[in-house]
Asks: 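Okay, here's the structure, questions in a sec.
In listed order, ligands and their atoms are each counted from 1. Heavy-atom basis, side chains included; hydrogens, waters and symmetry copies ignored.
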Amino acid sequence: MITAFDWNDVLRWSKGAVRFLDQARLPFEVIVHETTDYRRIVDAIKRLEIRGAPLIGIAAGYGMALAAKKFSGPNFGKDDLEKAFRAFASSRPTAVNLFWVLERVRKLLDQSPTGEIPARMLDLALRVHEDDRKRCKAIGRHGLPLVGEGGIILTHCNTGALAAAGGTALSVVFLAHEQDIPVEVFVDETRPLLQGARLTVWELRQRGIPHRLIVDGAAPHVMRTFPVTAVITGADRIARNGDAANKIGTYMLATAARRHGIPFYIAAPLSTVDARIEKGDQIPIEERGSEEITSVLDRPVTLPDTPVFAPAFDVTPNELITAIITDAGVLYPPFSSSIPEALERGGDMTAEQE
Ligand code: MRU
């Protein structure tokens, strides 16, 4: 039995502190932490207690607001603020939303009178959060026509309200469900850290959306034996040509979807586009600790000291992507022109002068 959860508790600023849901403990324990120490937020990002590309960026904004609050007090100078900045910048390498937020933080630090930094930093963090809420809603709206009369959606990792302020790929599913369009979701378990099994299932259950959990290797079989309407995943970084990095296993899904003539969509806010990167090969791919492969939920599943290769993300080449659902509309190939055009049109904060 699942008790209703207040989605604001995924991540929020509350009376000078940051509250966040510990996603590493889900779905077995629903624990909301509260901290006034930015270093706890850095740790939470590293340990995937806070995860999902947009949410990592939002958390860094709040974390910098915590650091800036201390900045006005004794024993905390500009060097400490720079140290906090570097700690966030080195917390996780692939999700570009983190750097998208840090770029705005940098500008603020360089351009603000010292006394105004704490208030401005908090204001920036709150605006980043609100901006993502709007983007997630827009992604849902733009993606809805692509699922048409509904049907079967296959997805990977977790792209719901735990990963962004409302969801990216799952935002389309949530909206369809809200509008009584019948959808069923096949959820990849998403080894190694099981974001599908632990988080997506939890979110879908909370909202009463029909779903079935599958092992990652079952996805092509599902595509062959069920009338899958679409495969929709999120992204952690999208290059200018549309190549998209997302949770390891996404490339395999896109390949199988092409083999079965099923549309493969990436759903992401424009803040996930890295305009400085031309193609996917330039995207840094995070490699994580070997223990994430050699054990499942802290239980060893192989021999001690087994050598492993543990990339956390892969890059899906643009030619396998049917379209990219963004807050600025659905982008179609050739992405090297549709992406720059969308960036030009912009979303909320993309166009805003901070
Ligand atoms: O390692 P994670 O759990 O942070 O990876 C998350 C994903 O790969 C999501 O699909 C991605 O961030 C986009 S959805 C918001």
Asks: Under 4.0 Å, heavy atoms only, figure out whether ligand 1 is touched by the backbone of Thr272, its side chain, both or neither.
Replies: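 It is neither part, as no heavy atom is under 4.0 Å.
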
Asks: Identify, for atom 10 (O) of ligand 1, the protein heavy atom at the shortest distance, and state residue, atom and that distance.
Replies: Asn246 OD1, 2.7 Å

Asks: How close does the nearest protein non-hydrogen atom get to atom 7 (C) of ligand 1, and which residue and atom is it?
Replies: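 Checking every protein heavy atom, the shortest distance to atom 7 (C) of ligand 1 gives Asp236 OD1, 3.3 Å.
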
Asks: Considering both backbone and side-chain atoms of Ala163, is one of its nitrogen or oxygen atoms within less than 3.5 Å of a nitrogen or oxygen in ligand 1?
Replies: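 N/O-N/O distance below 3.5 Å does not exist for this pair.
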
Asks: Can you tell me if CG on Asp79 sees more than 12 non-hydrogen neighbours from other groups inside 6.0 Å?
Replies: no

Asks: Please write down residue, atom name and distance for the protein heavy atom closest to atom 3 (O) of ligand 1.
Replies: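 Nearest protein contact, heavy atoms only, for atom 3 (O) of ligand 1 is Arg51 NE, 2.7 Å.
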
Asks: Going by the order shown, which atoms of ligand 1 are within less than 4.0 Å of some heavy atom of Thr159?
Replies: 10 (O), 14 (S)

Asks: Name the orientation class of the two ring planes belonging to Trp7 and Trp202 (parallel below 30°, tilted from 30 to 60°, perpendicular beyond 60°).
Replies: perpendicular

Asks: Heavy-atom pairs closer than 4.0 Å: do any link ligand 1 to the side chain of Pro54, the backbone, both, or neither?
Replies: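 The answer is the side chain.
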
Asks: Among protein heavy atoms, which sits nearest to atom 4 (O) of ligand 1, and what does the distance come to when rounded to 0.1 Å?
Replies: Arg92 NH1, 2.8 Å

Asks: Does Arg47, at its CZ atom, have more than 12 non-hydrogen atoms belonging to other residues, nucleotides or ligands within less than 6.0 Å?
Replies: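 Check passes, neighbour count above 12.
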
Asks: Verify the distance criterion only: is there a donor paired with an acceptor across the side chains of Thr94 and Asp236 at less than 3.5 Å?
Replies: no

Asks: Show your working on salt bridge (charged side-chain N to carboxylate O under 4.0 Å, His left out) between Glu286 and Arg288 and close with a plain yes or no.
Replies: CA-CA 6 Å; Glu286 178 180 16; Arg288 295 192 54 91; 2.8 Å; yes

Asks: Report yes or no: do Asn241 and Ser336 form a side-chain donor-acceptor pair below 3.5 Å?
Replies: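 Result is no, nothing qualifies.
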
Asks: What protein heavy atom sits nearest atom 12 (O) of ligand 1, and how far away is it?
Replies: Ala53 N, 2.8 Å

Asks: Which residue holds the protein heavy atom closest to atom 5 (O) of ligand 1, what is that atom called, and what is the gap in Å?
Replies: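 For atom 5 (O) of ligand 1, the nearest protein heavy atom comes out as Lys247 CE, 3.3 Å.
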
Asks: Of all the non-hydrogen atoms in the protein, which one sits nearest to atom 14 (S) of ligand 1, and at what distance?
Replies: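 Closest protein heavy atom to atom 14 (S) of ligand 1: Thr168 OG1, 3.3 Å.
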
Asks: Establish, yes or no, whether the cationic atom of Arg12 lies under 6.0 Å from the six-membered ring centre of Phe20 and within 45° of the ring axis.
Replies: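 Verdict for Phe20: no cation-pi partner in Arg12.
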
Asks: Are Arg258 and Phe264 in a cation-pi contact, defined as NZ or CZ under 6.0 Å from the six-membered ring centre and within 45° of the axis?
Replies: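 Not satisfied by the 6.0 Å and 45° rule.
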
